[in-house]
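See below for the structure under consideration.
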Amino acid sequence: MLPKSAHVLIFDNFYSSFTNAKKLAQRNRYFIGTCRGDRPSWLFEMVKEKGDFDSSTRGNHAFLVDVKSNVAATVWQDSATVHFVSNYG
């Protein structure tokens, strides 16, 4: 259950980034959104380096959570690779 003062912000890939999710988490704002693959993020690089993400097969996915900032990054393969970031939950 969200506190009465909590806000959930949902962004498209133009505004979404790991940095924005982290900054909003520090201000007690929840963030959900897809991200562009060309924006640098060490969290997405770590997801891909874990070795359990295979971009050749549709439906594959991998995720990683930065416990320090409470931000999760997910990568999954659809017809293109989709990047998703959230500090919600």
Spell out, as yes or no, whether a donor-acceptor pair under 3.5 Å connects the side chain of Ser16 to the backbone of Asp12.
-> yes

Nearest 0.5 Å, what's the CG-CG distance between Asp78 and Asn60?
-> 11.5 Å

Using the ring pair (Phe, Tyr, Trp, His ring centres under 6.0 Å) rule, pick out the option among Tyr15, Tyr88, Phe11 that qualifies with Phe31.
-> Phe11

Taking the side chain from Ser17 and the backbone from Asn20, do they hold a donor-acceptor pair closer than 3.5 Å?
-> yes

Spatial distance of atom CG (Asn13) from atom NE2 (His83) [nearest 0.5 Å] = 11.0 Å

With side-chain contact (heavy atoms from CB on, under 4.5 Å) as the test, would you mind laying out the steps for Val75 and His61 before giving the verdict?
-> CA-CA 5 Å; Val75 179; His61 66 282; over 6 Å; no

Close side-chain approach of Val8 and Ile32, heavy atoms under 4.5 Å = yes

Considering all heavy atoms, the nearest Val85-Phe18 contact = CG2-CA, 4.3 Å

Value for OG (Ser86) from CG (Leu24), rounded to nearest 0.5 Å, stands at 11.0 Å

Nearest heavy-atom contact between Lys22 and Ser69 is CG-CB, 3.8 Å

Is there a donor-acceptor pair closer than 3.5 Å between any side-chain N or O of Asn87 and the backbone N or O of Ala21?
-> yes

